[in-house]
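Notes to accompany the following structure.
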Number of protein chains: 2
Amino acid sequence: MRAQAKKTEAAEVVDTRTRIVRATALFLQRQGYEGTSIKRIGAEAGVTPGSVYHFFPGGKEQLAAEALRYGAEEFTELLRSGLDSTPDPADAVAACALLLADSLRESEWTDGCPVAAAALETIGASPEIQRASDESLQHWQNLLANKLTAGGIAEAAARALACTIISTMEGAELLCRVSATDQPLRTAAEHLAQLVRLQERSADPE
Amino acid sequence: MRAQAKKTEAAEVVDTRTRIVRATALFLQRQGYEGTSIKRIGAEAGVTPGSVYHFFPGGKEQLAAEALRYGAEEFTELLRSGLDSTPDPADAVAACALLLADSLRESEWTDGCPVAAAALETIGASPEIQRASDESLQHWQNLLANKLTAGGIAEAAARALACTIISTMEGAELLCRVSATDQPLRTAAEHLAQLVRLQERSADPE
DNA sequence: GTCTATATAGCGATAGAC
DNA sequence: GTCTATCGCTATATAGAC
């Protein structure tokens, strides 16, 4: 059999550019932006710094912005998975928080949100990264809002709820990782479900 | 009282060590841990790097841990101010979120939580900073829980609520700073007040 | 497209004069 | 207690061979 890539093979083969983006996304989740060097990214991807700059002439900032969007897509999948797990919006939101807790514990709290750390480090300093962060956070809120409106919650209330859900999940993730426990996200799951049910009742006073 | 400092003076006089800690706390809020250098800290404090190491032989890590606690105390004061503004726990919690929004907007979203950025960058890499972060987050939760129990909420429910309140405020701060709007924190204030009232009713079914 | 080699700068940290 | 000077290292980024 040839050495070339077949999707069915166990060891996935990806092109160099993708390996670089993946390595960057991983380090952004673990150490943020400033703590991640092009040299280490290259080493993880199996290339030299020169190759990194070949694909990303805009340097570290361009690479980070693209890796941030790449990593954000993974969290989008987690959200989709949680939201599709049940038709009930409140239960679905709780499922998302619990999935996140499981995912974080799996990496022993090392691999977190690809947006949070990099965004906090570069606010007001890198418009490129800030824009990518903002778009990811907005996208997640849209996914949630769609589920909530589909469940009968009014548009405005759904958008507000979606915003608070992302806020709470982001903050609870911080507390989980710092304390190395899943309690904050499990508690958040409970409270967010209560909050969703509260808006359901407000909108539908039968 | 010492001879050098008088609190009533307009231009506050502080000793070198305190100036270094303050400068570090400021940079931690703006750029996080990795993006802050000893050289810049010294420049901001008006001393050379050598002086910084004179006061902090443990280096950047020791200095950051102490500055983090120093900066956390400022947020403690903001929390106290919000909690003391009204006897009603739900209103008090909302007041805290709104005070935070005002404080962030005042710096044009540049100066954020002294814990969040540094903690996310150093999880699993600096036990010293991680411990200081954890203690600050726990302390804030204790302040909130006391207010909630004083308002008639049962101990366990109050602790859980306090955890979610800090989670939501931390996450909403991230969303506010990234989007340069106060909407996430204002929405969070509303939702957190609803959540507190919900536990009040559960505990006291009159 | 990937490499070696390097330019330039900044980093954390230390030694020792004053 | 504060300084100057510097060590050893790493950073981002570039130039050019292959």
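Protein chains get the first letters and strands the later ones, always in sequence-line order, with residue 1 at the start of each. Remember, it's a predicted structure, so these values are computed and weren't measured experimentally.
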For atom [atom1] of [X] and atom [atom2] of [N], their distance in whole Å:
{"X": "B:Ile20", "N": "C:dA13", "atom1": "CD1", "atom2": "C1'", "answer": "15 Å"}
{"X": "A:His54", "N": "C:dT4", "atom1": "NE2", "atom2": "P", "answer": "16 Å"}
{"X": "B:Phe55", "N": "D:dC3", "atom1": "CZ", "atom2": "P", "answer": "10 Å"}
{"X": "B:Glu61", "N": "C:dC11", "atom1": "CD", "atom2": "C1'", "answer": "16 Å"}
{"X": "A:Lys39", "N": "C:dT4", "atom1": "NZ", "atom2": "P", "answer": "12 Å"}
{"X": "B:Leu63", "N": "C:dC11", "atom1": "CG", "atom2": "C1'", "answer": "15 Å"}
{"X": "B:Arg40", "N": "C:dG12", "atom1": "CZ", "atom2": "P", "answer": "12 Å"}
{"X": "A:Ile41", "N": "D:dT12", "atom1": "CD1", "atom2": "C1'", "answer": "11 Å"}

| said: Among residues at least two apart in sequence or on other chains, which ones pass salt bridge (Lys or Arg N to Asp or Glu O under 4.0 Å) with B:Arg69? | reply: B:Glu135
| Checking all strands, does A:Ser37 fall into the base, sugar-phosphate, or nothing category for heavy-atom contacts under 4.0 angstrom? | sugar-phosphate
| task | Using a strict cut-off of less than 4.0 Å between a Lys/Arg side-chain nitrogen and an Asp/Glu carboxylate oxygen, indicate whether A:Arg22 and A:Glu74 qualify as a salt bridge. | result | no
Side-chain polar contacts of residues 190-197 of chain A - donor-acceptor pairs under 3.5 angstrom, sequence neighbours left out - could you list them?
| from | atom 1 | to | atom 2 | distance (Å) |
| --- | --- | --- | --- | --- |
| A:His191 | ND1 | B:Thr164 | OG1 | 2.6 |
| A:Gln194 | OE1 | B:Gln199 | NE2 | 2.8 |
| A:Arg197 | NH2 | A:Asp91 | OD1 | 2.7 |

| A:Gln31 and A:Thr36: side chain donor to acceptor below 3.5 Å | yes
Phosphate contact ([N] OP1 or OP2) by [X] side-chain N/O below 4.0 Å:
{"X": "B:Thr16", "N": "D:dT2", "result": "yes"}
{"X": "B:Tyr53", "N": "C:dA13", "result": "yes"}
{"X": "B:Thr48", "N": "D:dT4", "result": "no"}
{"X": "B:Ser51", "N": "D:dC3", "result": "yes"}

| query | Is the number of heavy atoms from other residues, nucleotides or ligands within 6.0 Å of CZ (A:Arg17) greater than 12? | reply | yes
| task | For A:Glu106, look at atom CD and say whether over 12 heavy atoms of other residues, nucleotides or ligands are found less than 6.0 Å away. | result | no
| D:dA13, D:dT2, C:dG12: which one has an atom nearest the side-chain heavy atoms of B:Lys60? | C:dG12
| Out of C:dT2, D:dC3, D:dT12, which has the shortest distance to the side chain of B:Val47? | D:dC3
Might you list the N or O atoms of the protein lying below 3.5 Å from N or O atoms in nucleotides 15-18 of chain C, with each pair's distance?
none

| note | All heavy atoms of B:Gln141 vs all of B:Ala162, minimum pair found to be O-CB, 3.3 Å
